[in-house]
Amino acid sequence: MGYRVVVAGATGNVGREMLNILAERQFPVDEIAALASRRSIGTEVSFGDTTLKTKDIEQFDFTGWDIALFAIGSDATKVYAPIAAKAGCVVIDNSSLYRYDPDVPLIVPECNAEAIHGYAKKNIIANPNCSTAQMVVALKPLHDRARIKRVVVSTYQSVSGSGKEAIDELWDQTKAVYNPTAEYERKVYTKDIAFNVIPHIDVFMEDGSTKEEWKMVAETKKIVDPAIKVTATCVRVPVFVGHSESINIEFEDFLDEDEARDILREAPGIMVIDKREDGGYVTPKECVGDFATFISRIRQDNTVENGLNLWCVSDNLRKGAALNAVQIAETLGREVLKKG
Ligand SMILES: NC(=O)c1ccc[n+]([C@@H]2O[C@H](COP(=O)([O-])OP(=O)(O)OC[C@H]3O[C@@H](n4cnc5c(N)ncnc54)[C@H](OP(=O)(O)O)[C@@H]3O)[C@@H](O)[C@H]2O)c1
């Protein structure tokens, strides 16, 4: 006996990837429903070898469904997650709405799978921000060995992190550069994204940082350790899929770069590609469609006591969203619901 699974936001970047990953990982599904807004009623989406017709979430009855993977943005989540949860369906949510709620576990299974048992307070589990997810997979095993004091991270985030409209914006702007008569309208970003980089993701906060940067700080503390200090600069780059991060880490104890490389090689969810030669590192284009978070350029930082630098790349639609959500569903199944 398997699970009755709902994918909400099935027509979006993350929702489509959730359907792909449920099929790829052979999640024990007895029945599956694809939901989106009324705009998408009847839109066909793929689930393995089958095609599903999308239904309107507003008309959907969650009673009797086991797990709902949500990727519909915070506003719609605010309306529908409590309805699903009240009907007895466990919601695994990709939006930021519940991430900082003390009654909702925020989970990256490689780091804090044991937090799953906290789901029952609200019947909701939160999935972290894409840039946090890939970073904490790398930080956790290093923290367990040498205690991280401080992290300085700069991100290079792809446009797919801003939804399907952003992919079109990069595509249309890029074409318009070569065809000056083509017109394009900026809808998602405040400056051109084609052949440019934008040091601004999400809204500005009072202290001058952006919400995306704040999320990396708050979520790392909730998932790994509240004692870790994080300072982040989040930047959008003209890449379709795959987020990259330059991460500088300061530890309590000395950690040699070779030992760090060995620890990361053994760590779950990580693939180390770190040859000190031309092309001996991973770029975002190469990580698309992969489950792993890739680590390259591991090297000592001798400008601080016990410092290390590394380069971290992952498919933001997978580890940063859909894969992590499915891994949470797998953990929930294995530890709590025990079907399948
Ligand atoms: N992309 C990433 O890397 C990433 C990473 C982590 C978290 N997330 C989060 O995941 C969520 C989805 O992101 P995305 O990139 O997949 O966005 P997207 O490509 O723009 O897709 C949005 C999805 O939400 C649905 N939706 C929007 N408003 C709705 C409503 N009122 N009722 C029902 N469905 C509604 C859309 O349905 P229609 O097609 O019918 O409009 C579509 O299926 C967001 O909360 C985002 O913050 C994204």
Side-chain angles (χ1 to χ4, degrees), residues 6-21 33-46 52-60 62 68-84 91-99 106-108 124-136 155-171 187-188 201-203 211-212 215-216 219 234 236-237 239-245 284 287-289 293 313-328:
V6 176
V7 172
T11 52
N13 286 336
V14 175
R16 285 177 192 272
E17 217 39 89
M18 292 197 297
L19 288 165
N20 290 339
I21 293 172
L35 310 182
S37 75
R38 190 174 300 171
R39 293 179 289 272
S40 302
I41 292 177
T43 299
E44 295 193 339
V45 291
S46 299
L52 308 172
K53 280 202 170 28
T54 307
K55 296 176 184 162
D56 178 7
I57 196 170
E58 207 183 326
Q59 306 297 324
F60 189 76
F62 286 90
L69 303 173
F70 267 52
I72 55 175
S74 293
D75 291 346
T77 300
K78 202 175 201 165
V79 177
Y80 300 108
I83 294 173
V91 174
I92 300 171
D93 179 35
N94 272 280
S95 81
S96 58
L97 187 67
Y98 291 103
R99 288 180 195 154
L106 175 66
I107 298 182
V108 172
I124 297 172
I125 301 166
N127 206 47
N129 180 259
C130 40
S131 33
T132 310
Q134 69 183 69
M135 180 171 79
V136 295
T155 70
Y156 306 72
Q157 297 179 223
S158 68
V159 295
S160 58
S162 321
K164 53 191 176 183
E165 276 196 345
I167 293 183
D168 294 341
E169 188 151 314
L170 173 57
W171 180 243
K187 286 188 194 152
V188 180
I201 301 181
D202 210 332
V203 296
K211 188 84 184 280
E212 185 83 351
K215 286 175 193 167
M216 291 192 80
E219 294 176 20
C234 293
R236 191 70 68 191
V237 297
V239 168
F240 284 108
V241 180
H243 286 2
S244 307
E245 295 171 348
C287 77
V288 177
T293 292
V313 175
S314 197
D315 182 330
N316 54 294
L317 298 177
R318 293 202 153 212
K319 188 58 198 167
L323 169 63
N324 198 68
V326 173
Q327 286 177 296
I328 293 173

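Indexing begins at 1, ligand by ligand and atom by atom, following the structure's order. Everything quoted here is computed from the prediction, not taken from an experiment.
In terms of the ring pair (Phe, Tyr, Trp, His ring centres under 6.0 Å) criterion, Tyr98 has no residue partners (sequence neighbours excluded). For Gln327, the side chain to side chain donor-acceptor pair (under 3.5 Å) criterion is met by Glu110, Lys319, not counting sequence neighbours. Applying the salt bridge (Lys or Arg N to Asp or Glu O under 4.0 Å) rule to Lys215 yields the partners Asp202, Glu212; only residues at least two apart in sequence or on another chain are considered.
Note: Leu69 CG to Asn94 CG = 8.0 Å, rounded to the nearest 0.5 Å.
Electrostatic pairing of Arg99 and Glu219 counts as a salt bridge here, judged by a charged N lying under 4.0 Å from a carboxylate O.
Side chains of Ser160 and Asn13: no donor on one and acceptor on the other come within 3.5 Å.
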May I have the N/O to N/O pairs between ligand 1 and the protein that fall below 3.5 Å, each with atom names and distance to one decimal?
| unit_1 | atom_1 | unit_2 | atom_2 | d |
| --- | --- | --- | --- | --- |
| ligand 1 | 1 (N) | Ser160 | O | 3.0 |
| ligand 1 | 3 (O) | Asn316 | ND2 | 3.1 |
| ligand 1 | 16 (O) | Asn13 | N | 3.2 |
| ligand 1 | 16 (O) | Val14 | N | 2.9 |
| ligand 1 | 19 (O) | Asn13 | N | 2.9 |
| ligand 1 | 19 (O) | Lys164 | N | 3.1 |
| ligand 1 | 24 (O) | Ala71 | O | 3.4 |
| ligand 1 | 34 (N) | Ser37 | N | 3.3 |
| ligand 1 | 37 (O) | Thr11 | OG1 | 3.2 |
| ligand 1 | 39 (O) | Thr11 | OG1 | 2.5 |
| ligand 1 | 39 (O) | Ser40 | OG | 3.1 |
| ligand 1 | 39 (O) | Lys164 | NZ | 2.8 |
| ligand 1 | 40 (O) | Ser37 | N | 3.1 |
| ligand 1 | 40 (O) | Ser37 | OG | 2.6 |
| ligand 1 | 40 (O) | Ser40 | OG | 2.5 |
| ligand 1 | 41 (O) | Arg39 | NE | 3.1 |
| ligand 1 | 41 (O) | Arg39 | NH2 | 2.8 |
| ligand 1 | 43 (O) | Gly9 | O | 3.2 |
| ligand 1 | 43 (O) | Thr11 | N | 3.4 |
| ligand 1 | 43 (O) | Thr11 | OG1 | 2.6 |
| ligand 1 | 43 (O) | Gly12 | N | 3.1 |
| ligand 1 | 45 (O) | Gly73 | N | 3.2 |

